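Note sheet for the following structure.
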Amino acid sequence: MKQKIWLSSPHMSGNEIKYIQDAFKENWVAPLGPNVNGFENELAEYLNVKNAAALSSGTAALHLALIILGIKKDDEVLVSTFTFSASVNPVVYQCAVPVFIDSEKDTWNMSSELLENAIKDRISKGKKPKAIILVYLYGMPAKISEIMQIAEKYEIPVIEDAAEALGSTYKGKKLGTFGTFGILSFNGNKIITTSGGGALISDNSGYIKKSRFLATQARDEAPHYQHSQIGYNYRMSNIVAGIGRAQLEVIEERVKARRKNHEFYQNIFKNIEGIELLEESGKDFYSNFWLTTILIDDKKTNGITNETLRLAFEKENIESRPLWKPMHLQPVFEKYPKYLNGISEKLFKTGLCLPSGSNLSEADKERIKSVIIEVFKN
Ligand SMILES: *Cc1c(COP(=O)(O)O)cnc(C)c1O
């Protein structure tokens, strides 16, 4: 069997072990310590945001954002339907109601037109939504100005789910820094990884202070253990934060490598009829191209579909994957309100995520290219 080529696998810089050794040397083997503080400061500096809290996952970050915004039972939260379930689960943890908003065709992210329709409709039904969770899939910025304009008009706070978009920018500003909160993920398959982890970012210092308090079991100030609210165990460990610090040192290289992968695929597909890549729609949009993604129009490819290509890759031990299945089609979420235009369903039906790790070798790329050439040779 040929060696497996993964969709997106961890890519260490080599310095991780140094930070981990420091933690061991000083016995900071705990969910706090110099690596946690260092990682938070370095992350905030990189993003040009006032504060960052290092947490156990992106999901935990989103959960805390909702709690701090006061989201509670039966409140409605507007969420992109074209996303990973982790964007929605924390809404349900709060016993609140996710309201799904479909995509627009240029960025595949939330449609501002449907967003405004939904807000008006929810208000007419007597229920003003309490928050918007705006997701940036595959690293691609949404049409953020349009979304923020609507959010401001109706005074609804925005949480940016930038789990896939660290290093991407919109109008030169880093994603995750436009809304009241941004969340990031450092899971094993993301653009940088701490094995597992996440961060909550915000310019509001009070909110981030609150998030650290809630993430460490909501202990009031007292010599004994005193609690006046429900807390969580959501802090990042000092070991894991050491990995994050070393990963952050190479983030720009990682973004460059992923953008190079995207160019590699552009060059292969430019001569193949019926394939469309997700592209930046103008100079305001700068994607980290976490994953390169394509749509296949089988009417133009002699019946070759996304599944044909996926299976051909699989036979060569190369991982590719369908696009996210929209949340409104998931059995667990299908009962919730939704505002649709058919776009996310079409993306799911015809799309594919291609191997996009920043550690793909030239030999890996040759193997990937030969599969594509073979599949589309006629
Ligand atoms: C990975 C991911 C998350 C969740 O992050 P975890 O760190 O795995 O909890 C949330 N939203 C999106 C869009 C993601 O891709």
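Only heavy atoms go into these numbers, but all of them, side chains included; no hydrogens, no water, no symmetry mates. Just so you know, these numbers come straight off a predicted model, no measurement behind them. Both ligands and their constituent atoms are indexed starting at 1 by order of listing.
- Taking a cut-off of under 4.0 Å to the non-hydrogen atoms of Thr59, the atoms of ligand 1 that pass are 4 (C), 5 (O), 6 (P), 9 (O).
- Residue Ala163 touches ligand 1 through its side chain alone, judged by heavy-atom distances below 4.0 Å.
- The aromatic ring centres of His328 and Phe100 sit 6.0 Å or more apart.
- Ring centers of Phe39 and Phe186: under 6.0 Å apart, within the cut-off.
- Of the polar atoms of Thr83, none of the N or O atoms is found under 3.5 Å from an N or O of ligand 1, judged by distance alone.
- With salt bridges taken as basic N to acidic carboxylate O contacts below 4.0 Å, one links Glu319 and Arg321.
- Closest to atom 2 (C) of ligand 1, if we only count protein heavy atoms, is Lys190 NZ, 2.8 Å.
- Remark: aromatic rings of Phe82 and Trp324 are distant, center separation not under 6.0 Å.
- With hydrogens left out, the protein atom closest to atom 8 (O) of ligand 1 is Asn187 ND2, 3.1 Å, a heavy atom.
- Residue-ligand proximity, Phe84 to ligand 1, at heavy-atom distances under 4.0 Å covers atoms 2 (C), 3 (C), 14 (C).
- Residue contact check: Gly197 has heavy atoms under 4.0 Å from atoms 7 (O) of ligand 1.
- Ring to ring, Phe181 and Tyr207 are close: their centroids are under 6.0 angstrom apart.
- A salt bridge does not link Glu164 with Lys190: every distance from a Lys NZ or Arg NE/NH1/NH2 to an Asp or Glu carboxylate oxygen is 4.0 Å or more.
- Ranked by closest heavy atom to atom 11 (N) of ligand 1, the top entry among Val135, Asp161, Val88, Asn189 is Asp161.
- In the vicinity of Ser57, heavy-atom distances shorter than 4.0 Å reach the ligand 1 atoms 7 (O), 9 (O).
- The ligand atoms of ligand 1 that sit less than 4.0 angstrom from a heavy atom of Glu164 are 13 (C), 14 (C), 15 (O).
- Taking a cutoff of 4.0 Å between a charged side-chain nitrogen and a carboxylate oxygen, Arg235 and Glu40 qualify as a salt bridge.
- Put simply, the side chain of Ser80 never gets that close to the backbone of Thr83: no donor and acceptor are under 3.5 Å apart.
- Judged by the shortest distance from any of its heavy atoms, Ala61 lies outside the 4.0 Å radius around the atoms of ligand 1.
- Close contacts between ligand 1 and Ala86 involve ligand atoms 3 (C), 4 (C), 10 (C) [criterion: under 4.0 Å to a heavy atom].
- Using a 4.0 angstrom heavy-atom cutoff, Ser87 counts as in contact with ligand 1.
- The pair Glu76-Lys127 fails the salt-bridge criterion, with no side-chain N (NZ, NE, NH1 or NH2) lying under 4.0 Å from an Asp/Glu carboxylate O.
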